[in-house]
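Not measured: the values here are computed from a predicted model. By convention in this document, chain letters (A, B, ...) are assigned in the order of the sequence lines, proteins followed by strands, and residues within each chain are numbered from 1.
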Amino acid sequence: MEQAAKVAHKRPRKKPDPPSKDDGRSRAHVPGRLMARSFFERHTDYVAPRLLGKLLVRWTDDGPIVGRIVEVEAYLGPHNSPPDPAAHSHRGPTPRNLVIFGPAGHSYVYAIYGKYFCMNVTCEPEGQAGCILVRALEPVGNFSTAQMAKNRGLRSDAHVRQLASGPSRLCLALGLTRAAHNGIDLLDPASSLQLRDDGFATTEAGVTPRIGIKHAVDWPLRFVLPGHACLSGPRGLVGKCVFVG
DNA sequence: AGGCCGATCCTCT
DNA sequence: GAGGATCGGCCTA
């Protein structure tokens, strides 16, 4: 059984390389710059729509698999009023959800339905809980597209929507598991999983209720790039749009 | 100690 | 649009 100590043990403890080594060229060619911790040390529902357009990068032996985030959901910590009854952190820390209560900018990966995983990004200042479920990616570049198709068991000419549109599909596409990727610092130059910013500018986000939950079903905490081809689920789920400043 | 169920995906009708 | 797969974690007794 995975206990809290084991989860905490997965936190990177080696000293990060100097920021100057991560200028987008020190490793194999990959777009953008590593994101800043301060971006995530804010209210989860503030960060969520602003995470749209950013890059999730999984480094493999063969090279980086890169996806642009096009759909997310915010899950709020128990310090909010009223508390978010759909969040895993709702009833306080447990061995499974401990990462959510840790520092911002880390990955929270959990198992669901016996065979799948979902990946979140932690937010809020240290000591407070909150995380963002990454629900869909657009593959960036031919290598990423090919690797995602391979990892998903699809033909190389599969439609782009088939690759990483859905929280567990994207974990399959990137090869993410709880055992290997829970509690990773996504903002560390040495990490195998990173969040990067290539300057993609988001001015608008579609807002809808969250998908697949039984509590707080009408809370408007799902955010999408309006009309994007890689959104998960059936069409027509894009609600009103809000300006993202 | 045991039962229940899920932030899903895929197949079939 | 509906239903089955499949199991770790959380709740109740």
Side-chain angles (χ1 to χ4, degrees), chain A residues 1-8 10 44-45 47-49 51-52 56 67 69-78 80 82-101 106-124 129-137 148-155 158-183 206-224 230-239:
Chain A
M1 196 179 273
E2 310 258 335
Q3 294 305 331
K6 185 167 184 182
V7 173
K10 293 179 186 298
T44 302
D45 54 349
V47 179
L51 192 58
L52 295 172
L56 181 60
I69 297 171
V70 300
E71 174 179 340
V72 299
E73 286 176 358
Y75 286 86
L76 311 181
N80 290 274
D84 179 359
H88 287 180
S89 58
H90 176 225
R91 297 170 192 265
T94 69
R96 176 176 70 150
N97 68 22
L98 191 61
V99 173
I100 307 176
F101 292 83
H106 288 244
S107 62
Y108 167 55
V109 180
Y110 69 92
I112 183 109
Y113 294 109
K115 47 201 321 185
Y116 299 112
F117 296 99
C118 294
M119 184 263 176
N120 297 250
V121 180
T122 61
C123 293
E124 308 275 338
C131 63
I132 299 171
L133 172 69
V134 185
R135 287 193 55 93
L137 303 174
M148 287 185 184
K150 181 181 177 182
N151 290 342
R152 290 264 293 127
L154 300 172
R155 295 171 44 128
H159 191 280
V160 68
R161 177 184 283 111
Q162 300 294 151
L163 299 180
S165 299
S168 296
R169 285 178 170 183
L170 78 85
C171 285
L172 291 170
L174 296 186
L176 304 183
T177 65
R178 170 173 164 83
H181 300 105
N182 186 48
V207 186
T208 81
R210 294 170 293 185
I211 292 177
I213 55 174
K214 292 248 173 56
H215 304 282
V217 294
D218 57 346
W219 292 22
L221 292 176
R222 174 174 175 259
F223 303 95
V224 305
C230 293
L231 299 185
S232 74
R235 231 70 72 238
L237 285 176
V238 178

Would you confirm whether [X], through its side chain, and [Y], through its main-chain N or O, come within 3.5 Å as a donor-acceptor pair?
X        : Y        : result
A:Asn151 : A:Met148 : no
A:Asp84  : A:Gly77  : no
A:His90  : A:Ala86  : no
A:Arg152 : A:Gln162 : yes
A:Glu71  : A:Ser232 : yes
A:Asn97  : A:His88  : yes
A:Thr122 : A:His106 : yes

Evaluate the side-chain proximity of [Y] to [X]: yes if any heavy-atom separation is below 4.5 Å, no if none is.
X        : Y        : result
A:Phe223 : A:Ile132 : no
A:Asn182 : A:Tyr108 : yes
A:Val70  : A:Leu137 : no

message: What does the 5'-to-3' dot-bracket notation of DNA chain C look like when only Watson-Crick and G-U wobble pairs under 3.5 Å count, and pairs to other strands show as |?
response: |||||.||||||.
Dump every N/O contact between nucleotides 11-13 of chain C and the protein below 3.5 Å, one line per pair.
| unit_1 | atom_1 | unit_2 | atom_2 | d |
| --- | --- | --- | --- | --- |
| C:dC11 | OP1 | A:Arg91 | NE | 3.4 |

- request: Going 5' to 3' through nucleotides 7-13 of chain B, assign each nucleotide B (protein heavy atom under 4.0 Å from a base atom), S (under 4.0 Å only from sugar-phosphate atoms) or - (no protein heavy atom that close).
  value: BBSS---
message: When the C1' atoms of B:dC5 and C:dG3 are compared, how many Å lie between them, rounded to an integer?
response: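 That atom pair is separated by 16 Å.
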